[in-house]
Novice: 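This is the structure I want to talk about, given as structure tokens.
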Amino acid sequence: MVAGAFPIAKLLYLGVRQLSRPLAARIKAGARASPFFRTYVCGPPAQLYHWVEMRTKMRIMGFHGTTIKPLTEEAAAELGAELLGEAIVFGVGGLCIFLEYARQASNTRRKEEEQSSTLLGLQEQVAELGLAVETLDAQLREVNRLLLDISTSAKK
């Protein structure tokens with residue numbers, strides 16, 4: 001007895017998520033090596049992240065209005081590459097969740113359509129059977145009337 005269909009889609013999603021980690025590591029390594037990525041892709045988000053983090057920490061400790069020194073280019077590239085890698089893993093995970101939701105919604109919609117068509121078919125059958133019952137009822141009344149006519153004409 002089979003307990004259910006093998007969840008191949010879930011297995012594929014898990015495989016994609018597992019492959020996203022090495023992919024993110026390769027992209028991070030490439031981002032660290034490329035001057036364009038270091039300057040325009042990794043640097044600005046890292047500087048923004050550093051600024052927000054330090055500003056929050058300073059306000060929590062009670063230091064208001066202090067200036068925050070930007071990260072060095074090397075530290076910004078490293079932090080930016082880490083942020084990029086985490087964003088890739090997070091994006092792949094979010095995509096997997098979205099695809100699983102879409103698959104479940106599609107399955108639910110398909111089942112509802114099947115139930116609706118089955119219900120429509122049953123309603124049509126009930127209507128046909130109702131017509132058949134009315135026809136048989138009319139025939140039965142006609143037979144009874146003929147029997148009554150025969151019995152009354154035989155008594156005369």
Novice: Around atom CZ of Arg26, are there more than 12 heavy atoms from other residues, nucleotides or ligands closer than 6.0 Å?
Specialist: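 Result for CZ/Arg26: open.
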Novice: Side chain of Thr39, backbone of Phe36: donor and acceptor closer than 3.5 Å?
Specialist: no
Novice: If you measure from the Lys or Arg side-chain nitrogens to the Asp or Glu carboxylate oxygens, is any gap between Arg103 and Glu100 under 4.0 Å?
Specialist: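 Judged by the 4.0 Å cut-off on N to carboxylate O distance, Arg103 and Glu100 do form a salt bridge.
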Novice: For a quick test of reading the model, state the closest non-hydrogen atom pair linking Pro45 to Leu83 and the distance between them.
Specialist: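 Smallest interatomic distance, heavy atoms only, reads O-CD1, 4.0 Å.
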Novice: With a cut-off of 6.0 Å (strictly less than), are more than 12 heavy atoms of other residues, nucleotides or ligands near CD of Glu73?
Specialist: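 Count not over threshold, so no.
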Novice: If two hydrophobic side chains count as joined below 4.5 Å and joins carry through other members, does Ile97 share a cluster with Leu95?
Specialist: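 Each belongs to a different hydrophobic cluster.
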Novice: Check the pair Gln47 / Leu79 against side-chain contact (heavy atoms from CB on, under 4.5 Å), numbers first and verdict last.
Specialist: CA-CA 9 Å; Gln47 293 292 357; Leu79 180 59; over 6 Å; no
Novice: Working to the nearest 0.5 angstrom, can you tell me the gap between Leu71 CG and His50 NE2?
Specialist: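 Separation between the atoms: 4.0 Å.
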Novice: In terms of hydrophobic clustering (I, L, V, M, F, W, Y; side-chain heavy atoms under 4.5 Å; direct or indirect links), are Val52 and Tyr49 co-clustered?
Specialist: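 No, because Val52 and Tyr49 fall into different hydrophobic clusters, even though each may have its own neighbours under 4.5 Å.
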Novice: Using the side-chain contact (heavy atoms from CB on, under 4.5 Å) rule, take Glu74 and Arg38 through it: C-alpha gap first, then chi angles, then the decisive distance, then the call.
Specialist: CA-CA 8 Å; Glu74 186 64 34; Arg38 289 173 68 129; 2.8 Å; yes
Novice: How long is the gap from CE on Met58 to CD on Glu53, to the nearest 0.5 Å?
Specialist: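 Output value for this atom pair is 11.0 Å.
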Novice: Under the salt bridge (Lys or Arg N to Asp or Glu O under 4.0 Å) criterion, do Lys111 and Glu114 qualify, and how do the steps go?
Specialist: CA-CA 5 Å; Lys111 285 180 183 178; Glu114 287 176 0; over 6 Å; no
Novice: Within this structure, what is the CH2-OG1 distance for the pair Trp51 and Thr67, rounded to the nearest 0.5 Å?
Specialist: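 Rounded to the nearest 0.5 Å, the CH2-OG1 separation comes to 12.0 Å.
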Novice: Ignoring hydrogens, what is the shortest heavy-atom contact between Ala46 and Ala76? Give both atom names and the distance.
Specialist: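 For Ala46 versus Ala76, the nearest heavy atoms are CB-O, 3.1 Å.
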Novice: Test salt bridge (Lys or Arg N to Asp or Glu O under 4.0 Å) on Arg109 and Glu112 and set out the steps.
Specialist: CA-CA 5 Å; Arg109 187 173 46 254; Glu112 287 175 356; over 6 Å; no
Novice: Hey, can you pull the donor-acceptor pairs under 3.5 Å for the side chains in residues 124-136, sequence neighbours left out?
Specialist:
residue	atom	partner	partner atom	Å
Thr135	OG1	Leu131	O	2.9

Novice: For a quick test of reading the model, state the closest non-hydrogen atom pair linking Leu148 to Ser151 and the distance between them.
Specialist: O-OG, 3.0 Å
Novice: Could you walk me through whether Thr56 and Ile60 pass side-chain contact (heavy atoms from CB on, under 4.5 Å), step by step?
Specialist: CA-CA 6 Å; Thr56 305; Ile60 288 173; 4.0 Å; yes
Novice: Measure the CZ-CZ distance between Arg55 and Phe63 for me, rounded to the nearest 0.5 Å.
Specialist: 14.0 Å
Novice: If you measure from CG on Leu19 to CG on Leu23, what distance do you get to the nearest 0.5 Å?
Specialist: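 Leu19 CG to Leu23 CG: 8.5 Å, rounded to 0.5 Å.
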Novice: Distance from Glu78 atom CD to Thr72 atom OG1, nearest 0.5 Å?
Specialist: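 Glu78 atom CD to Thr72 atom OG1 measures 10.0 Å (nearest 0.5 Å).
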